[in-house]
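Notes follow the structure.
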Amino acid sequence: MLDLKFVRSNQDVIARMLRQRGYDLDLSGFRSLDEKRRSILASLEELRYQRNKVSDDIAAMKRRGEDASSIISEMKAVSKEIRALEAELPAVVDQLNELLMHIPNVPHESVVVGKNADDNPVIRRWGEIRDFDFDPASHWEIGEKLNILDFSRAAKIAGSRFCLQSGIGATIERALINFMLDTHTKRHGYTEVLPPFLVNSESMTGTGQLPKFREDLFKVDGWDLFLIPTAEVPVTNIHRDEILSIDELPIKYVSYTPCFRSEAGSWGKDTRGLVRQHQFNKVELVKFCCPEDSDQELESLTADAEGILQRLGLPYRVVSLCTGDLGFSAAKTYDIEVWLPEQQLFKEISSCSNFTDFQARRANIRFRRKKGRGTELVHTLNGSGLAVGRTLVAVLENYQQPDGSVVIPEALTPYMNGLSVIDRRE
RNA sequence: GGAGAGAUGGCCGAGUAGGCUUAAGGCGCUCGCCUGCUAAGUGAGUGUGGGGCGAAAGCUCUACCGAGGGUUCGAAUCCCUCUCUCUCCGCCA
């Protein structure tokens with residue numbers, strides 16, 4: 001959510017921003033709603049002032065034992081007026097908030113203007129794409145042959161877009177999770193958190209999934225609880241409605257959670273394999289920092305995520321999302337895309353974003369500086385570090401051998417009880 | 001699930017037969033003073049959101065005592081509903 005005062009005095013900036021993002025949003029009602037709100041507030045506060053003052057007079061008269069009945073009946077009318085205005089206000093405020101909640105964040109000045117993903121500039125590449133002397137197989141073929149991925153039984157248990165991993169398939173998932181958590185806690189200085197996997201609607205609103213993206217969520221029937229689509233939701237909400245001390249900043253959390261997404265609107269996309277599932281594991285990085293540090297924190301957060309791919313020896317590239325491809329709450333986003341040899345393309349494996357104060361305003365997360373009074377909103381950032389399922393896809397496909405076995409990256413073998421090759425077992 | 005107790009500022013903690021409460025007092029913090037340094041002492045200041053005035057520093061009004069309703073001229077205080085925490089009992093991985 002943007003600042004009301006900012007929107008009020010920067011209508012032209014907002015309009016240009018909406019155009020660049022490809023949004024069609026009518027803001028014509030904003031000014032009149034805003035003025036209506038302020039005029040109601042002005043008369044309301046004037047009346048309250050009067051009421052407070054006269055109430056003191058009544059108290060004083062009563063203490064002196066005087067008769068106050070005529071003033072009291074006078075104030076009855078004032079109170080009635082106050083109640084009428086109080087009843088009028090919420091509807092106006094709600095409409096104004098509704099409008100504000102649907103305005104996306106202002107892109108960072110370094111974000112290029114573009115229509116869609118085709119306009120995303122590639123920032124850098126890392127690693128060498130392996131030259132296969134055979135036709136590389138897809139991860140689902142590899143996984144089913146090795147007896148570690150079982151999509152048909154998962155469909156029986158739960159339906160499409162689920163996977164059952166067994167034996168080494170379960171172990172390597174756990175190994176990847178532990179490898180990522182250890183790397184981020186020991187090498188990159190993050191604090192590990194294990195949050196609830198179900199959250200209430202306030203939390204979903206705080207990070208922006210509600211009200212706009214309800215369709216993407218699984219809701220628990222009969223409860224105000226949703227399955228989390230990403231650890232970003234519970235972890236960012238850790239500090240909802242808090243005022244942090246500047247000494248605590250930056251706060252860096254790493255969190256493993258399963259993620260649950262309905263994937264409404266992506267029917268027919270990535271229907272096979274692990275790439276797009278209703279449930280997948282993810283290790284997420286979340287930061288809270290001072291406004292002046294968030295540009296740099298985004299760079300280091302992205303580098304931390306890249307570090308995982310580098311240690312696993314998986315080739316990737318980093319793209320910067322253009323205005324047309326940028327998410328609703330983000331001011332700037334780097335996507336890290338890993339190379340998948342079977343499809344011959346780079347596939348998103350991490351998305352690292354700076355939300356500036358956009359999420360913090362909605363979730364009411366502030367901090368106080370040592371000198372100077374008042375509070376400021378923190379900046380929040382997050383990024384996958386990494387999507388575990390897609391990392392497994394990349395490992396299986398990039399490390400496959402002609403005989404159908406898969407070499408385990410060196411960094412991972414300590415987490416695999418020393419196992420260095422996944423082979424067909426009887 | 002049953003019975004009881006509770007929720008007050010950054011923290012602790014008073015305050016409920018409604019009105020001199022502008023939410024006492026303490027801790028912490030900030031800025032002074034004082035003393036070789038530290039500690040102690042001492043003086044002042046110190047919540048958040050919103051509105052208005054102002055170039056600004058600031059001034060002023062208003063709301064906020066877990067959340068939401070209600071009673072009243074007036075609610076931290078009385079009534080109702082809900083949420084959460086604690087104690088005991090029951091059930092349970």
Side-chain angles (χ1 to χ4, degrees), chain A residues 1-9 30-101 194-206 210 220 222-226 234 237-249 251 288 290 357-378:
Chain A
M1 182 160 77
L2 292 177
D3 180 35
L4 176 68
K5 288 176 196 160
F6 175 79
V7 175
R8 183 184 297 153
S9 51
F30 175 82
R31 190 170 292 276
S32 68
L33 271 174
D34 183 43
E35 276 163 14
K36 191 169 178 193
R37 171 179 163 274
R38 278 190 285 174
S39 91
I40 292 174
L41 266 183
S43 21
L44 186 57
E45 293 190 349
E46 170 60 34
L47 287 169
R48 279 174 174 163
Y49 171 62
Q50 199 182 332
R51 181 182 72 185
N52 290 345
K53 217 171 55 179
V54 176
S55 285
D56 287 344
D57 295 344
I58 293 173
M61 287 175 80
K62 288 212 164 181
R63 267 194 305 276
R64 290 193 300 264
E66 297 171 22
D67 175 37
S69 56
S70 75
I71 308 185
I72 286 176
S73 62
E74 222 173 278
M75 291 315 289
K76 273 187 190 182
V78 173
S79 280
K80 206 174 163 189
E81 263 185 90
I82 289 174
R83 264 191 282 271
L85 284 172
E86 279 174 343
E88 210 178 320
L89 195 58
V92 178
V93 171
D94 285 353
Q95 282 178 57
L96 205 55
N97 273 334
E98 183 69 12
L99 214 55
L100 275 178
M101 294 263 245
L194 184 65
F197 300 161
L198 296 172
V199 301
N200 57 31
S201 49
E202 267 180 88
S203 293
M204 284 293 187
T205 308
L210 293 178
V220 181
W223 294 71
D224 179 33
L225 285 174
F226 298 82
N237 276 283
I238 289 174
H239 296 297
R240 171 153 54 87
D241 295 321
E242 289 187 9
I243 300 172
L244 304 165
S245 154
I246 193 167
D247 301 328
E248 301 173 72
L249 301 177
I251 295 173
F288 304 80
C290 297
D357 61 7
F358 194 83
Q359 272 187 337
R361 182 171 296 107
R362 212 185 251 221
N364 192 25
I365 308 171
R366 293 166 294 171
F367 76 102
R368 209 189 302 275
R369 290 190 194 272
K370 275 234 153 38
K371 293 187 179 171
R373 66 203 65 177
T375 59
E376 290 176 56
L377 294 162
V378 300

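Convention: sequence-line order gives letters A, B, ...; per-chain numbering from 1. The figures that follow rest on heavy atoms only: side chains count, while hydrogens, waters and symmetry mates do not.
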With rounding to whole Å, what would you report as the distance between [N] and [M] at their [atom1] atoms?
{"N": "B:C86", "M": "B:G32", "atom1": "P", "answer": "44 Å"}
{"N": "B:A76", "M": "B:A17", "atom1": "P", "answer": "14 Å"}
{"N": "B:A57", "M": "B:U62", "atom1": "P", "answer": "22 Å"}

A:Glu45 (side chain) and B:G52 (base): donor-acceptor pair under 3.5 Å: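 For A:Glu45, whose side chain was compared with the base of B:G52, there is no donor-acceptor pair (under 3.5 Å).
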Would you classify [X] as touching base, sugar-phosphate or nothing, given that sugar-phosphate means primed atoms plus P, OP1 and OP2, and contacts are heavy atoms under 4.0 Å?
{"X": "A:Ile58", "answer": "base"}
{"X": "A:Lys5", "answer": "sugar-phosphate"}
{"X": "A:Arg361", "answer": "nothing"}

To the nearest angstrom, how far is [X] atom [atom1] from [N] atom [atom2]?
{"X": "A:Leu96", "N": "B:G49", "atom1": "CG", "atom2": "P", "result": "18 Å"}
{"X": "A:Asn200", "N": "B:U83", "atom1": "CG", "atom2": "C1'", "result": "11 Å"}
{"X": "A:Asp241", "N": "B:G49", "atom1": "CG", "atom2": "P", "result": "12 Å"}

Can you confirm whether more than 12 heavy atoms, excluding those of A:Arg8, are under 6.0 Å from its CZ atom?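 It does: A:Arg8 CZ has more than 12 such atoms within range.
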Counting heavy atoms from C-beta on, name the nucleotide in B:G19, B:G49, B:U62 closest to the side chain of A:Thr375.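 The closest nucleotide is B:G49.
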Which of these nucleotides, B:C73, B:G52, B:A63, is closest to any side-chain atom of A:Arg38?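 My answer, after comparing the listed nucleotides, is B:G52.
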Considering Watson-Crick and G-U wobble pairs with both distances under 3.5 Å, what does [N] pair with?
{"N": "B:C78", "value": "B:G70"}
{"N": "B:G54", "value": "none"}
{"N": "B:C37", "value": "none"}
{"N": "B:C88", "value": "B:G2"}
{"N": "B:G47", "value": "B:C64"}
{"N": "B:U42", "value": "B:G32"}
{"N": "B:C27", "value": "B:G10"}

Looking at [N], I'd like to know if its phosphate oxygens (OP1 or OP2) sit under 4.0 Å from a side-chain N or O belonging to [X].
{"X": "A:Asn52", "N": "B:C73", "result": "no"}
{"X": "A:Arg368", "N": "B:U30", "result": "no"}
{"X": "A:Arg8", "N": "B:G51", "result": "yes"}
{"X": "A:Ser245", "N": "B:G28", "result": "no"}
{"X": "A:Lys62", "N": "B:G19", "result": "no"}

May I ask you to decide whether A:Asp34 forms a salt bridge with A:Arg38, counting only side-chain N to carboxylate O separations under 4.0 Å?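 The answer is yes: the pair qualifies as a salt bridge.
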Closest-nucleotide ordering on RNA chain B, the 5'-leading residue of A:Arg366 and A:Arg83: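 Between the two, 5'-proximity favours A:Arg366.
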Would a distance-only check, ignoring hydrogens and angles, find a side-chain to backbone donor-acceptor pair under 3.5 Å from [X] to [Y]?
{"X": "A:Ser79", "Y": "A:Lys76", "result": "no"}
{"X": "A:Asp357", "Y": "A:Leu377", "result": "no"}
{"X": "A:Arg37", "Y": "A:Val92", "result": "no"}

Tell me which pairs pass side-chain hydrogen bond (donor to acceptor under 3.5 Å, both in side chains) where either residue lies in residues 82-98 of chain A, with sequence neighbours left out.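 Sorted result for residues 82-98 of chain A: A:Arg48-A:Glu86.
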